[in-house]
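We name chains A, B, ... by the order of the sequence lines, and we start the count at 1 in each one. Values below: every heavy atom of this structure, side chains too, minus hydrogens, waters and symmetry copies.
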Amino acid sequence: MPELPEVETTRRGLAPHLVGRRLETVRVREPRLRWPIPPDFSQLLTGATLMDLRRRAKYLLFDLRTPGGGSGTLIAHLGMSGSLRLVPPETPLLTHDHVQFAFAGAPELRLNDPRRFGSLHFTSGPADGHFLLAELGPEPLDPAFDGAYLFARSRGRRAPVKAFIMDAHVVVGVGNIYAAEALFRAGIRPSRPAGRIAAARYDLLAAAIRAVLEEALTMGGTTLRDFVASDGRPGYFKQSLAVYGRGGESCRRCGGELEGARLGQRATVFCPTCQR
DNA sequence: ACTGGATCCTGACTGC
DNA sequence: TGCAGTCAGGATCCAG
């Protein structure tokens with residue numbers, strides 16, 4: 001499911017209900033996620049107060065103050081199929097509801113993740129130093145991310161530009177859907193070696209990445225199958241997709257046939273006329 | 001340092 | 001209706 005717009009949509013949905021609340025109980029029903037949830041997870045979190053809910057890359061960071069006055073962060077990733085929803089506590093459990101978080105005076109927060117590629121970590125140190133976050137590249141919506149940065153980072157790299165911009169060490173939050181869409185908007189063929197693209201074209205690409213993510217965000221993300229926001233509603237960016245999932249259909253710019261390919265292990269669609 | 005491939009897991013879909 | 005095969009939004013680990 002979730003790329004940056006979907007994670008941010010989830011964050012915005014959860015924060016008003018949960019920030020400032022005290023976590024009364026944590027129930028782990030299925031600990032076998034991408035990394036196993038440790039046995040003392042519930043105990044570490046119980047009684048803590050949520051001070052802030054942030055996002056870094058595709059991670060949700062729940063900043064907590066523990067009863068003893070210490071601080072820590074719950075680091076959550078939704079993997080490919082995860083969702084965090086707020087529901088009335090008496091709501092029957094769904095298949096794959098793996099963890100329940102009961103905050104005082106708030107709906108119950110439930111993590112549902114059929115494929116279990118998501119993860120939950122707790123760290124008592126500064127969250128940014130955690131091994132999951134330490135090596136990440138810049139946020140694409142941050143002013144520090146621009147064409148000059150991409151150009152500099154890409155010199156000497158022969159990997160396809162699509163793989164390059166999906167590499168979280170280069171820039172975070174750009175998954176398969178938005179990579180394909182941004183490359184279409186920038187007129188760049190996904191298979192082109194990253195190191196063989198001129199600076200001016202990277203200006204276009206950086207702007208396209210930012211624009212496509214911001215547009216998706218205003219529409220609540222993209223729902224292909226699984227994704228739902230914290231209130232259970234889907235995202236509506238799917239109808240705006242120009243290439244993703246449209247192999248064999250006609251290009252909205254030139255009318256030609258969009259071409260499907262596999263790049264790495266990922267399905268890719270592009271317009272052979274508009275993207276060079 | 002980079003690159004491509006395999007891998008974790010379940011569910012939806014396709015074709016026979 | 002059933003069954004086998006294919007594919008899926010992510011990110012890590014490994015060998016070369």
Side-chain angles (χ1 to χ4, degrees), chain A residues 1-10 29-37 55-60 75-84 94-99 111-121 130-137 140 152-183 190-196 209 212-213 216-217 219-229 234-241 243-248 260-269:
Chain A
M1 77 159 262
E3 303 186 31
L4 188 148
E6 292 75 37
V7 178
E8 180 63 21
T9 295
T10 298
R29 312 189 68 89
E30 172 55 86
R32 295 175 299 166
L33 303 184
R34 176 76 174 79
W35 286 275
I37 300 175
R55 179 190 58 76
R56 172 74 173 108
K58 297 171 189 168
Y59 294 94
L60 286 169
I75 304 172
H77 197 290
L78 298 175
M80 299 229 299
S81 59
S83 60
L84 282 166
L94 300 174
T95 308
H96 309 302
D97 273 346
H98 301 318
V99 185
L111 173 69
N112 185 281
D113 186 2
R115 292 177 69 183
R116 307 210 309 269
F117 283 8
S119 64
L120 295 176
H121 287 80
H130 192 270
F131 78 95
L132 289 171
L133 308 179
E135 308 292 326
L136 295 175
R153 284 295 303 266
S154 63
R155 292 309 90 186
R157 296 189 62 156
R158 288 166 301 154
V161 61
K162 179 154 173 280
F164 174 69
I165 60 173
M166 288 176 66
D167 182 347
H169 299 101
V170 174
V171 57
V172 301
V174 183
N176 203 30
I177 298 175
Y178 299 116
E181 294 298 311
L183 287 164
S191 57
R192 179 171 287 274
R196 302 206 47 225
I209 289 171
V212 75
L213 292 175
L217 202 42
M219 302 182 78
T222 301
T223 295
L224 297 177
R225 186 176 300 143
D226 301 337
F227 175 71
V228 289
Y236 296 98
F237 192 69
K238 183 176 178 182
Q239 55 221 48
S240 302
L241 296 176
V243 288
Y244 183 84
R246 298 191 66 238
R262 284 196 83 79
L263 214 51
Q265 306 296 93
R266 294 311 193 73
T268 296
V269 180

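- At a cut-off of 3.5 angstrom, the base of C:dG10 holds at least one donor-acceptor pair with the side chain of A:R266.
- Rounded to whole Å, the P atom of C:dC7 lies 15 Å from the corresponding atom of B:dG5.
- Atom OH of A:Y59 is separated from atom P of C:dA11 by 6 Å (rounded to the nearest Å).
- Under the Watson-Crick or G-U wobble criterion, with both distances below 3.5 Å, B:dA6 is paired with C:dT12.
- With values rounded to the nearest 0.5 angstrom, A:D97 atom CG is found 4.5 Å from A:N112 atom CG.
- Counting non-hydrogen atoms under 4.0 angstrom, A:G264 reaches nothing in the nucleic acid.
- B:dC13 and C:dG5 make up a base pair, with Watson-Crick or G-U wobble contacts both under 3.5 Å.
- Contact annotation for A:A168: no contact, since no heavy-atom pair falls under 4.0 Å across all strands.
- Between the P atom of C:dT12 and the CD atom of A:E135 lies a distance of 10 Å, rounded to the nearest Å.
- Side-chain proximity of A:N176 to B:dT3, B:dG11, C:dG10: nearest is C:dG10.
- Place A:Q265 and A:R157 on DNA chain B by their nearest nucleotides, and A:R157 ends up nearer the 5' end.
- Contact of the A:R157 side chain with the A:V170 side chain is registered, since non-hydrogen atoms from C-beta on lie closer than 4.5 Å.
- Nucleotide B:dG5 holds its P atom 15 Å from the CE atom of A:M166, rounded to whole Å.
- Side chain of A:E30 to backbone of A:R32: a donor-acceptor contact under 3.5 angstrom is found.
- Salt bridge annotation for A:D167-A:R153: absent, with no cationic side-chain nitrogen under 4.0 angstrom from a carboxylate oxygen.
- OP1 or OP2 of C:dA11 lies within a sub-4.0 Å distance of a side-chain N or O belonging to A:H77.
- Closest to the side chain of A:L132, out of B:dT3, C:dA8, C:dT12, is C:dT12.
- Residue A:F164 contributes atom CZ, which lies 17 Å from atom P of C:dA11 at whole-angstrom precision.
- Taking atom CG of residue A:L78 and atom C1' of nucleotide B:dC9, one finds them 16 Å apart after rounding to whole Å.
- Taking the 5.5 Å centre cut-off and the 30° plane limit, the aromatic side chain of A:F117 is not classed as stacked on C:dA11.
- A:R116 comes within 4.0 angstrom of sugar-phosphate atoms only, judged by non-hydrogen atoms across all strands, and of no base.
- Under 3.5 Å, the side chain of A:R115 and the base of B:dC9 form at least one donor-acceptor pair of N or O atoms.
- Residue contacts for A:Y178: at a heavy-atom cut-off of 4.0 Å it reaches no nucleic acid atom on any strand shown.
- Among the atoms of the strands shown, only primed sugar atoms or phosphate atoms (P, OP1, OP2) are found under 4.0 Å from some heavy atom of A:R158.
- Regarding A:I75, its CD1 atom lies at a distance of 19 Å from the P atom of C:dG10, rounded to whole Å.
- Of all the heavy atoms in A:A216 and A:F237, the pair that sits closest is CA-CD1, 3.5 Å.
- The nucleotide whose nearest atom lies closest to any side-chain atom of A:T95 is, among B:dG11, C:dG10, C:dG9, B:dG11.
- Between the CD atom of A:E3 and the C1' atom of C:dA8 there is a distance of 12 Å, rounded to whole Å.
- Contact annotation: the side chain of A:Y178 never approaches that of A:L4 to less than 4.5 Å [non-hydrogen atoms, C-beta and beyond].
- If you take CG of A:L263 and P of C:dG9, they are 13 Å apart, rounded to a whole angstrom.
- Contact check, A:R34 against B:dT10: no side-chain N or O comes under 4.0 Å of OP1 or OP2.
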